[in-house]
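One structure is given below, encoded as C-alpha cells.
Computed over heavy atoms, backbone and side chain alike; hydrogens, waters and symmetry mates excluded. No experiment lies behind these values; they were computed from the predicted model shown. Quick note: residue numbers are just sequence positions, from 1.
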Amino acid sequence: MPTRVIIDHRKKDVVKLRHPEKAHRPDNPIARKPEWIRVKAPNHPTYHETRALMRDNKLVTVCEEAACPNIGECWSQRHATMMIMGEICTRACAFCNVSTGMPLPLDTDEPNRVAEAVARLGLRHVVITSVDRDDLADGGAAHFAAVIKAIRAAAPETTIEILTPDFLRKNKALEVVVEARPDVFNHNLETVPRLYPTIRPGARYYQSLRLLDRVKQLDPSIFTKSGLMLGLGEEKMELAQVMDDLRVADVDFITMGQYLQPTIKHAPVARFVTPDEFEDYGGMARVKGFLQVSSSPLTRSSYHADSDFAALREARAARLKEMR
C-alpha cells in the first residue's frame, strides 16, 4: 500500500477541528489512487534542511497546509511555496485542506522573515500565496505588497510569483498588489463555473476572471497565470470554454492537475483523469494561444514554478519577435 505523509507542525496540546464547517457533512470515502499519481515519502537530506529553515523562521507553507503530493520533490530542491497571513482561512472551499475559522491578526514582521528565508535558500524564483482574509478591509493586499518589497530588498535577483485570493468586494485592493510589481500574478479559477456552488461556494467565477483581466489592464508587463483542478466532474467542453475565457482575459499561463481528496469530509474525486487525457487538454490549451501550459496529474500551481517562469519569459520573447 502507498504511504501518504502529512506533516502537521501545529501545537499538539490544542484540540481543534481543522475543518469545523465540514464536521456534519456526510462522509465521502477516499478512492484508491491510480499508480500514476502515487509518490514516495520525502527522505532527502535537503528536504529536512528546508523544513528546518521554515520552522526557524516561523513560516507557514502551502506545501504542508494543503498536503501537496509534491512536497518531497520540491523541498529536496529547496523550492517551497510560502503561505502568508496565517494558516487559517475565512473561506470553506470543498476541495481545500487549509484550516478554516477566524484568523489571527497580521504579523507585521512576517514580510522580513519571508525575505530572509528566500535569501538564505538562494531562490531564483519564489512563490508567495495566502489564505483568504475576508476579515481584512483590503483582503491582505497591503501585506502582499510588503512581502514583495521585502523580498526585492533582501534578494533583488529573485523573481517573484504571487498566488492571491480573489479580493472579492475589496475596493482598490488589486491595485495595491499590482503596484508592487510581482513578476507573475497567479489566481486560480480552480474549476468550471457550473461547479462553483458546491466546490468554491465563497467565490464567484466572473470575479476571478475579471481579477486576472484587470491585472493586464493595470500592467501588461506582468505575467498572469491560472490553474484548474480536474476530476471534479467537469466536462471537456466546459474546460474548453474556461480556456477561452482565460485567453480573452489575456492570461499567459495555465496549469491543470488532478484533484486529490484530502479527507472524507471533502468533495469526492469524480474520476481520475489519465495522463493521456492531461496531454490532450494541454494540447488544447497550446492551440488556444497560452504562452505556457503545464498539464499532468501531479501538476500544481507552483510545481516547477522556477523552470516554468524561465520558459514563460522565453515564449514571450519569441512571440514578440514573431510580431515584428
(request) Give the C-alpha distance, both sets of side-chain angles, the deciding distance and a yes or no for side chain to side chain contact (heavy atoms under 4.5 Å, CB included) between Thr164 and Leu211. (result) CA-CA 10 Å; Thr164 77; Leu211 187 84; 4.1 Å; yes

(message) Could you walk me through whether Ile128 and Leu163 satisfy the side chain to side chain contact (heavy atoms under 4.5 Å, CB included) test, starting with their C-alpha distance in whole Å, then the side-chain angles of each, then the deciding distance to 0.1 Å, before giving a yes or no?
(response) CA-CA 6 Å; Ile128 306 295; Leu163 172 55; over 6 Å; no

(request) Could you walk me through whether Asn112 and Glu116 pass the side chain to side chain donor-acceptor pair (under 3.5 Å) test, one step at a time? (result) CA-CA 6 Å; Asn112 292 328; Glu116 180 185 344; over 6 Å; no

(request) Take Asp107 and Arg113, measure what salt bridge (Lys or Arg N to Asp or Glu O under 4.0 Å) needs, and give me the verdict at the end. (result) CA-CA 10 Å; Asp107 179 352; Arg113 295 201 313 275; 2.8 Å; yes

(request) Apply the test side chain to side chain contact (heavy atoms under 4.5 Å, CB included) to residues Ile222 and Val178: give CA-CA distance (whole Å), side-chain angles for both, the deciding distance (0.1 Å), then the verdict. (result) CA-CA 8 Å; Ile222 296 176; Val178 171; 3.9 Å; yes

(message) Before you tell me yes or no, could you show the steps for Phe309 and Arg124 under side chain to side chain contact (heavy atoms under 4.5 Å, CB included), namely the whole-Å CA-CA distance, both residues' side-chain angles and the distance that decides it to 0.1 Å?
(response) CA-CA 10 Å; Phe309 178 69; Arg124 294 173 300 179; over 6 Å; no

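The two residues Val98 and Cys89 have their closest heavy-atom pair at CG1-CB, 4.1 Å. The two residues Ala119 and Ala154 come nearest to each other via the heavy atoms CB-O, 4.0 Å. Residues Ile88 and Val131 come closest through the heavy atom pair O-CG2, 3.5 Å. For the residue pair Gln261 and Ile264, the shortest heavy atom distance occurs at NE2-CA, 3.6 Å. Between Pro201 and Cys93, the shortest heavy-atom contact is CD-CA, 4.4 Å.
At a cut-off of 3.5 Å, with distance as the only test, a side-chain donor of Ser208 or Arg200 sits close to an acceptor on the other residue. Side-chain polar atoms of Thr255 and Thr299 form no donor-acceptor pair below 3.5 angstrom.
Residues Val118 and Ile162 share a hydrophobic cluster, clusters being chains of Ile/Leu/Val/Met/Phe/Trp/Tyr side chains in contact below 4.5 Å. Hydrophobic clustering, with ILVMFWY side chains joined whenever heavy atoms are under 4.5 angstrom apart, groups Phe185 together with Val114. When hydrophobic clusters are built by joining Ile, Leu, Val, Met, Phe, Trp and Tyr residues whose side-chain heavy atoms come closer than 4.5 Å, directly or via intermediates, Val184 is not grouped with Leu218. Put simply, Val176 and Leu168 are part of two different groups of oily side chains (I, L, V, M, F, W, Y) that touch within less than 4.5 Å, one to the next. Under the 4.5 Å side-chain heavy-atom criterion for ILVMFWY residues, a single connected hydrophobic cluster contains both Tyr196 and Leu209.
Salt bridge Arg319/Glu314: absent, no basic N to carboxylate O contact under 4.0 Å. A salt bridge links Asp27 and Lys265; the closest N-O separation between the charged side-chain nitrogens and carboxylate oxygens is under 4.0 Å. Between Arg247 and Asp252 there is no salt bridge, since no side-chain nitrogen of the basic residue lies less than 4.0 Å from a carboxylate oxygen of the acidic one. Note on Asp183 versus Arg152: salt bridge recorded, some NZ/NE/NH1/NH2 to OD/OE distance being below 4.0 Å.
Panel note: side chain Asp132, backbone Thr90; no donor-acceptor pair is recorded below 3.5 Å. Judged by distance alone, with hydrogens and angles left aside, the side-chain atoms of Lys33 form no donor-acceptor pair with the main-chain N or O of Leu260 at under 3.5 Å. Here the side chain of Ser130 pairs no donor or acceptor atom with the backbone of Met85 at under 3.5 angstrom. His266 contributes a side-chain N or O that, together with a main-chain N or O of Cys96, makes up a donor-acceptor pair within less than 3.5 Å. No side-chain donor-acceptor contact under 3.5 Å links Thr100 to the backbone of Ala92.
Atom CG of Leu195 is separated from atom OG1 of Thr191 by 4.0 Å, given to the nearest 0.5 angstrom. For the atom pair Arg181 CZ and Ser221 OG, the distance stands at 4.0 Å (nearest 0.5 Å). Separation of atoms CG (Leu212) and CD (Gln207) is listed at 10.0 Å; rounding is to 0.5 Å. Note that the OG atom of Ser294 and the CG atom of Leu312 stand 11.5 Å from one another [nearest 0.5 Å]. Rounding to the nearest 0.5 Å places CD1 of Ile254 at 5.0 Å from CE of Met243. Taken from OG1 in Thr274 to CZ in Arg271, the straight-line distance is 7.0 Å, to the nearest 0.5 Å.
Proximity of Pro165 to Arg133: side-chain heavy atoms (C-beta onward) are nowhere separated by under 4.5 Å. Two residues are said to be in side-chain contact when any heavy atoms from C-beta on lie closer than 4.5 Å; Thr159 and Arg313 meet this criterion. Within the 4.5 Å cutoff, the side chain of Tyr205 has heavy atoms near those of the Val242 side chain. In this structure, the side chains of Pro275 and Ser296 stay at 4.5 Å or more apart for every pair of heavy atoms. Side-chain contact between Arg210 and Val215 is absent, with no heavy-atom pair separated by less than 4.5 Å. Between Ile151 and Met82, every side-chain heavy-atom pair lies at or beyond the 4.5 Å cut-off. When side chains are defined from C-beta on, Leu106 does not count as touching Glu110, because their heavy atoms never get closer than 4.5 Å. Between Pro103 and Asp135, some side-chain heavy-atom pair lies under the 4.5 Å cut-off.
Applying the ring pair (Phe, Tyr, Trp, His ring centres under 6.0 Å) test to residues at least two apart or on different chains, none of the pairs has a partner in residues 271-295.
Residues satisfying the ring pair (Phe, Tyr, Trp, His ring centres under 6.0 Å) test with Phe95, not counting sequence neighbours, are none. For the side-chain hydrogen bond (donor to acceptor under 3.5 Å, both in side chains) test, residues two or more places apart in sequence or in another chain that qualify with Asp244 are Lys288. Here Gln292 pairs with Asp308 under the side-chain hydrogen bond (donor to acceptor under 3.5 Å, both in side chains) rule; sequence neighbours left out. Under the side-chain hydrogen bond (donor to acceptor under 3.5 Å, both in side chains) criterion, Asp250 pairs with no residue at all, not counting sequence neighbours.
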Side-chain donor-acceptor pairs of residues 225-241 under 3.5 Å, sequence neighbours excluded:
from   : atom 1 : to     : atom 2 : distance (Å)
Lys225 : NZ     : Glu161 : OE2    : 2.7
Lys225 : NZ     : Ser301 : O      : 2.7
Ser226 : OG     : His187 : O      : 2.7
Ser226 : OG     : Leu189 : N      : 3.0
Glu234 : OE1    : Gly231 : N      : 3.3
Glu234 : OE1    : Leu232 : N      : 3.0
Glu234 : OE2    : Gly231 : N      : 2.7
Lys236 : NZ     : Asp280 : OD2    : 2.9
Glu238 : OE1    : Arg194 : NH2    : 2.9
Glu238 : OE1    : Glu235 : N      : 2.9
Glu238 : OE2    : Arg194 : NE     : 2.6
Gln241 : NE2    : Asp245 : OD1    : 3.0

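Shown here is Glu175, whose CD atom has more than 12 heavy atoms of other residues, nucleotides or ligands within 6.0 Å.
Between Phe144 and Phe167, the ring-plane angle classifies as perpendicular under the 30° and 60° cut-offs.
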